[in-house]
Amino acid sequence: MSRPVDLTGRITGIGDEAAPGLPGQIAVARELGWSALELRTLGGTALAELTAPAVRDAAELLHAAGLGVVCLDSRIGNWARPVTGPFSADLEELERLAEHGRVLGCRSLRVMSWTDGGLPEEEWAALAIDRMRRLARRAELLGVELLHENCTGWAGSDAGRTLRMLAEVDSPALRVLFDTGNGVPYGYDAHALLTRLLPHVAHVHVKDALPGDRPGEAVYTLPGEGAARVADCVRLLEDHGYRGAYSLEPHLAVVPHAGIRADADDDPALPFVRAARGLAALPVPPAPAPAPPAPGPPHHREPTPTPPAAGPPHHREPAPSGRHKPPTPTPAPALPSPARPPSPPRPPAVDTGLLLHLLHTPTAGPLETGPGAPHALASALRSYATAAARLGFATVRLAAPAPAAVLREDTPLPVRRAVAADPSFLERQPSLLLRLGPERPRERTVMFNVHLDTVAGGEPPAFDGTRFTGRGAVDAKGPAVALLAGVAAAAAARPAIGRDVTVLVQAVAGEEGGALGTFGTRPLVEAGHVGRLNVFCEPTGLRHLPRATAAATARVTVDGEDAVDDRPGAGHNATVLLGFLAQHLAAALAPAAGGGPSPAVCVAGLHTGTLHNKVHGTGSLLLNLPYASAAAGAAAEDALSRALAEGLREFTARFSGLPLFARTASDAARITRLEWLKRGLPALGAQPAWGEELLARAGIDPWPAGEPAFTCDAIWLAGTEDTYTTVFGPGSLDANRAHAAGEFVDLADLEAFAARISALLTAFADDLRCGAADRSAPVSPEKAGTA
């Protein structure tokens, strides 16, 4: 039986056929209820010719309208660029569009394969393949994908040529863009071409047409009214597993490359909207029934190969040199042998291009960088949502929370101050909620949480074929991309995943910078977007950590008077006072030698001034106090307050007899104050036993009980009923240099993480199918360590 085809949320279009300028294109998209656009020209200017400020303005307009971008239509290799022309123009356009795509939230570039330039076919072929290979190599490094359209060019209208180009270029950065209607003017059967290219299709253009009076001419129609077999193409794509976008390019009023424009009195949006609505209502025929088996002995028939599901361009393992090996041919089956061990399963294929694109996209938030630094988190989230959509995920929400949901007593002070200082602070840091499958009760839902924001700094990103480097490689853009691979592998192994089991992915802002999820994870959790099983993807060395500490952050501030170096005793010496307090607090709050209840303290930073000929009368000392329970947190806060008061008394007693510091000693208590930047946050403690057993069945080892936990957004699941929450991810915060120069993650670790995610989802689905009992007895809480 064939599934009914519902294209809701998946139809988009090339905006410049509806309106020349971006405001008009956005207006049409919103009228049609679209979530994205495909961009080719803005105001008549090709995308690659736009300036960086113009692209930033365009991104702001699109984001404000709630629209993403699914593809950037380049001029690389198109009808105006013969294969004998300057290749530098194509390389330069690739570089510019890769940079624009990071701002617009899109890594897909439409390309073609050059006209012949008067060359014979074999020379044309050799040059076209060589150019595409060089483009693809550069695209791999930039994290973008080239989508070759069945249009003008050497490989445009012939499936055999396209397959040859894909094989000889041999790059995960080169895939196919299939246009339903191009076969009509170019004189070939597009549906037949599609049947051969199905495994390579990553994006679809929709147009329809009837043949014109002369060869090469076409009369364009509404979808389904021409000779392109649009409905049959859609059925073929859907039955093969295509879950990407259908992008309308109707050519009804505007055909930019042919110089066809709407008359001054005509509105090109009207036929464009009619075509869009026609596509949405397109009657798609059922899939043909399978043919009856041919007569004859079973061994006279070849098995029908199962077509691979459409997915990201990463189904090849990288060779040690950094190149990607072609798929290994499947050998003929040998005679059964009980001594022959089974081949190990291949790990889920991680989309290396998506990860590089995200690593290139600056996502450190204002709390990390300060105002004015590039911040493209919204664009990164849209790129991530587009990649997830190809796997069947729907975007439930991509927005920032309302200030009222954020500004609370337990919200860290830096967040409250940032919102007060800049009303647009929250708007620029949205979070994304994705869902695979229908909305289902919590007991049938698994939630994964990842963050795409990073700390500031770091080197330019790179990938050498085995290792990614760059800010966010391990914390946590790498795990975010590997997560999608794991979910896709699980859904392929268990059709119940995405049907009977719903998967939520929270891709959040505000994990870094001291925000602690208060405007990312917390609002989503409090809105009920959680599962029975909840996994926070942070580096844990592929061991699961079912607890998370919280931390209170305090600032001890001295607000005295400065003095000049000629009379140092005339002022207050904040350096000496805070230095004394730092040592006193470090000793007073250190864990007892016998492992007593004293909390650990992180003496985080001391600052007074930089001048050598001045006594600095003001300064501050930062301290961080981790804890494993609310009671322990309250005790830590009380211990700090008492230790500070004791330290001030000791300072006064020790320094009051020294003339240079007598004034500081006398006024120490008056000029010193304790300020809490964050306090009262929950900690994740005891978890039900059934979760431990589930993870064990999935082959995931627990975090050793003697190792300390750390702080992450998992704290916001504390106390949530009927759930199990754990922290799990590849790599290590320390060993992989998270938050430090040289941050990295190995592809093998990402693949191993994806495999375990697949196993975990599979075990969860199998438990539901078998009606596993809810074993909800809590395990004993474990002592938390330092953050």
Side-chain angles (χ1 to χ4, degrees), residues 107-108 139-145 170-175 202 308-320 322-328 344-361 380 383-393 434 436 448 450-452 461-470 472-493 503 505 507 535 537-542 700 728-731 736 743-762:
R107 69 184 186 100
S108 302
E140 289 176 18
L141 297 175
L142 294 170
V144 299
E145 62 178 3
D170 183 27
S171 170
L174 178 63
R175 300 192 76 199
H314 48 261
H315 292 109
R316 296 172 227 166
E317 296 178 354
R323 296 295 317 119
H324 289 255
K325 298 183 292 186
T328 304
R346 295 185 63 181
V350 174
D351 191 340
T352 60
L354 173 63
L355 179 50
L356 268 175
H357 171 77
L358 294 175
L359 292 176
H360 277 289
T361 304
S383 295
Y384 190 73
T386 299
R390 292 184 181 177
L391 305 175
F393 279 94
L434 301 168
L436 180 68
F448 295 97
V450 295
H451 66 92
L452 297 188
F463 176 52
D464 64 5
T466 58
R467 174 169 289 184
F468 293 89
T469 54
V474 74
D475 187 26
K477 292 177 178 178
V481 173
L483 169 66
L484 294 182
V487 175
V503 179
V505 174
V535 180
C537 303
E538 296 280 343
T540 62
L542 296 177
I700 298 174
F728 175 61
N736 290 74
E743 181 177 345
F744 73 92
V745 72
D746 290 330
L747 178 60
D749 284 343
L750 296 179
E751 291 175 335
F753 172 64
R756 285 165 174 79
I757 289 295
S758 177
L760 180 58
L761 279 172
T762 301

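Residues take their numbers from the sequence shown, with the count starting at 1.
- The nearest pair of heavy atoms linking V474 to P539 is O-CG, 3.3 Å.
- The two residues H357 and S383 come nearest to each other via the heavy atoms NE2-OG, 2.9 Å.
- Test T352, L356, L355 against V481 for side-chain contact (heavy atoms from CB on, under 4.5 Å) and you get one pass: L355.
- One distance of note links CG of L484 with CG of L434; it measures 7.5 Å at 0.5 Å rounding.
- In plain terms, the two heavy atoms of P730 and L750 that are nearest each other are CG-CD2, 3.9 Å.
- Looking at every heavy atom in both residues, A173 comes nearest to E140 through CB-CG, 3.7 Å.
- Remark: D351 does not engage R390 in a salt bridge, criterion side-chain N to carboxylate O under 4.0 Å.
- Separation of atoms CD (E145) and OG (S171) is listed at 10.5 Å; rounding is to 0.5 Å.
- The shortest heavy-atom contact between D475 and H451 is OD1-NE2, 3.0 Å.
- Counting heavy atoms from C-beta on, the side chains of L747 and V350 come closer than 4.5 Å.
- Applying the salt bridge (Lys or Arg N to Asp or Glu O under 4.0 Å) test to E538 and every residue at least two apart in sequence or in another chain returns nothing.
- With sequence neighbours excluded, no residue forms a side chain to side chain donor-acceptor pair (under 3.5 Å) with D749.
- Residue A754 comes nearest to A485 through the heavy atom pair CB-CB, 4.1 Å, listed as atom of the first residue, atom of the second, then distance.
- Taking 4.5 Å as the limit, every side-chain heavy atom of V487 sits out of range of all side-chain heavy atoms of L391.
- Although no hydrogens or angles enter the test, the distance criterion places no donor-acceptor pair under 3.5 Å between the side chain of T469 and the main chain of F744.
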Discussion item. Please evaluate residues F463 and L359 with respect to the criterion side-chain contact (heavy atoms from CB on, under 4.5 Å), reporting the C-alpha separation (whole Å), side-chain torsions for both, the decisive distance (0.1 Å), and the verdict.
Written reply: CA-CA 10 Å; F463 176 52; L359 292 176; over 6 Å; no
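- Interatomic distance, CG of L452 versus CG of L358, reported as 6.0 Å (0.5 Å rounding).
- Remark: the backbone N or O of A473 is paired with a side-chain donor or acceptor of E743 at under 3.5 angstrom.
- Summarising the geometry, atom NZ belonging to K477 is positioned 10.5 Å from atom CG belonging to L354; distances are rounded to the nearest 0.5 Å.
- Ring-plane geometry between F728 and F753 is classed as tilted, the angle between the planes lying from 30 to 60 degrees on a 0 to 90 degree scale.
- Scanning for side chain to side chain donor-acceptor pair (under 3.5 Å) contacts around D746 gives R467, with sequence neighbours left out.
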